[in-house]
Protein chains: 2
Amino acid sequence: MSFYDFTGSQDPQQEDEHYMRLALQEAEQAYTQDEIPIGAIVVSKGRIVGRGHNLTEQLNDVTAHAEMQAFTAAGQTIGGKYLKDCTLYVTVEPCVMCAGAAYWMQIGAIVYGASEPKRGYSSHNSNLLHPKTVIRKGVLAEQCAALMKRFFATKRS
Amino acid sequence: MSFYDFTGSQDPQQEDEHYMRLALQEAEQAYTQDEIPIGAIVVSKGRIVGRGHNLTEQLNDVTAHAEMQAFTAAGQTIGGKYLKDCTLYVTVEPCVMCAGAAYWMQIGAIVYGASEPKRGYSSHNSNLLHPKTVIRKGVLAEQCAALMKRFFATKRS
């Protein structure tokens with residue numbers, strides 16, 4: 001079985017963890033580039049159509065979040081403006097901006113790893129997402145959070 | 001007096017209207033390109049550091065809002081990541097995504113024209129903006145809204 005032949009017929013939890021591991025690989029790339037280690041993958045019908053990791057330092061742009069990179073890449077790959085049949089896998093809960101972008105993209109589902117109680121979209125008492133977007137959270141949460149903690153520990157030392 | 005020599009010492013209302021007219025020029029450019037006519041300008045200490053208009057059709061990217069273009073341009077011009085000393089002038093109330101981007105940018109002020117009761121950030125019962133961001137609204141609101149109405153009227157006919 002290759003990394004790329006998921007067809008949606010697998011065990012859903014196994015599938016979520018599979019793609020989250022790929023998002024974690026993106027996050028690891030950010031880590032090695034001294035970026036806050038958040039990674040994202042967009043999947044459409046078993047095919048990876050977008051990837052991204054946080055590039056805020058490299059691009060000197062605080063809006064260059066992993067999700068924004070992955071959304072734009074997915075739109076280009078699909079050649080359409082909407083991601084209704086897609087799932088975003090992201091290692092950390094999206095912020096308000098990324099939730100707002102997901103709203104416009106009408107993304108089918110968002111699966112995230114670690115929660116972000118301070119800056120996460122769900123800290124607001126209002127549904128910022130598209131009403132049709134399905135949410136699954138806590139997938140490989142410990143690994144996703146551990147990478148963030150490891151990063152910030154190096155910054156404090 | 002040129003269009004570019006405001007120093008912040010003018011009458012504040014006059015200054016807001018001046019820059020909103022420039023944002024309206026950006027919106028007119030979007031209109032002529034068959035884009036939803038929203039325009040934005042970022043001003044820092046009397047200097048225009050970013051411009052943008054809606055490019056969602058041209059870029060085939062539903063996140064390519066006027067504000068996002070103007071923010072990225074301003075960051076490049078200033079060479080810094082934050083827009084604390086900047087004011088965003090935008091013809092229509094920003095959406096959740098753009099409010100979230102403004103949060104990360106820590107923008108000093110947002111001045112908008114027409115309200116957007118359905119998709120505007122303020123329709124959510126939660127403060128999505130940075131606590132230090134000042135808001136002024138309704139500047140040239142009629143002109144800003146009229147351009148939007150003119151655009152959507154052509155779409156329905």
Side-chain angles (χ1 to χ4, degrees), chain A residues 35-36 38 42 50 52 54-84 86 88 93-107 116 118-131 133, chain B residues 35-36 38 42 50 52 54-84 86 88 93-107 116 118-131 133:
Chain A
E35 298 275 1
I36 294 176
I38 302 177
V42 176
N54 186 39
L55 287 173
T56 51
E57 294 300 321
Q58 266 173 273
L59 298 183
N60 199 36
D61 181 348
V62 286
T63 70
H65 289 193
E67 299 94 317
M68 302 300 277
Q69 318 290 328
F71 285 156
T72 301
Q76 301 290 329
T77 303
I78 288 177
K81 284 194 295 184
Y82 302 107
L83 304 179
K84 291 180 187 182
C86 295
L88 168 73
E93 179 184 345
C95 72
V96 168
M97 173 184 72
C98 293
Y103 172 90
W104 291 114
M105 291 285 190
Q106 300 186 25
I107 196 148
E116 221 305 3
K118 204 167 170 191
R119 304 270 183 257
Y121 79 92
S122 73
S123 65
H124 293 274
N125 292 326
S126 186
N127 186 15
L128 306 180
L129 295 168
H130 194 276
T133 300
Chain B
E35 298 276 1
I36 294 175
I38 301 176
V42 176
N54 186 39
L55 287 173
T56 52
E57 295 299 321
Q58 267 174 271
L59 298 183
N60 199 37
D61 182 348
V62 287
T63 69
H65 289 193
E67 300 93 317
M68 301 301 276
Q69 319 291 328
F71 284 155
T72 300
Q76 301 290 328
T77 304
I78 288 177
K81 284 196 293 184
Y82 302 108
L83 304 179
K84 292 180 188 182
C86 295
L88 168 73
E93 179 185 345
C95 72
V96 168
M97 173 184 72
C98 293
Y103 171 90
W104 290 114
M105 290 285 189
Q106 300 185 28
I107 196 148
E116 221 304 5
K118 205 168 169 190
R119 305 269 183 258
Y121 79 94
S122 72
S123 65
H124 292 275
N125 291 326
S126 186
N127 186 16
L128 304 180
L129 295 169
H130 195 276
T133 300

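Note on naming: letters A, B, ... go to the chains in the order of the sequence lines (proteins, then strands), and numbering restarts at 1 for each one. Quick caveat, the model's predicted, so the values are computed rather than measured.
Only the side chain of B:Tyr82 comes within less than 4.5 Å of a heavy atom in chain A; its backbone stays farther off. For a residue to count as touching a neighbouring chain, one of its non-hydrogen atoms must lie under 4.5 Å from one of that chain's; by this rule B:Thr56 touches chain A with the backbone only. Only the side chain of A:Gln76 comes within less than 4.5 Å of a heavy atom of chain B; its backbone N, CA, C and O stay farther away. In this structure, the portions of A:Ala101 lying under 4.5 Å from any heavy atom of chain B include both its backbone and its side chain. For B:Tyr103, the part lying near chain A is the side chain, with the backbone staying farther off; criterion is any non-hydrogen pair under 4.5 Å.
Options A:Gly80, A:Ala64, A:Gly75, A:Ala99 differ in how many heavy-atom pairs under 4.5 Å they form with chain B, and the most are formed by A:Gly80. In terms of non-hydrogen atom pairs under 4.5 Å with chain B, the most contact-rich of A:Thr63, A:Leu59, A:Val96, A:Asn60 is A:Asn60. Per-residue heavy-atom pair counts under 4.5 Å with chain B were compared for A:Ser123, A:Cys98, A:Ala102, A:Cys95, and the maximum is reached by A:Cys95.
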Practice task
Given side-chain contact (heavy atoms from CB on, under 4.5 Å), test B:Asp61 with A:Met105 step by step and report yes or no.
Solution key: CA-CA 8 Å; B:Asp61 182 348; A:Met105 291 285 190; 3.9 Å; yes
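Here the CE-CE distance, from B:Met97 to A:Met68, works out to 5.5 Å after rounding to the nearest 0.5 Å.
Contact detail for B:Lys81 and A:Val62: the closest heavy-atom pair is O-CG2, 3.6 Å. Scanning all heavy atoms of the two residues, the minimum distance from B:His124 to A:Asn127 falls at CE1-O, 3.5 Å.
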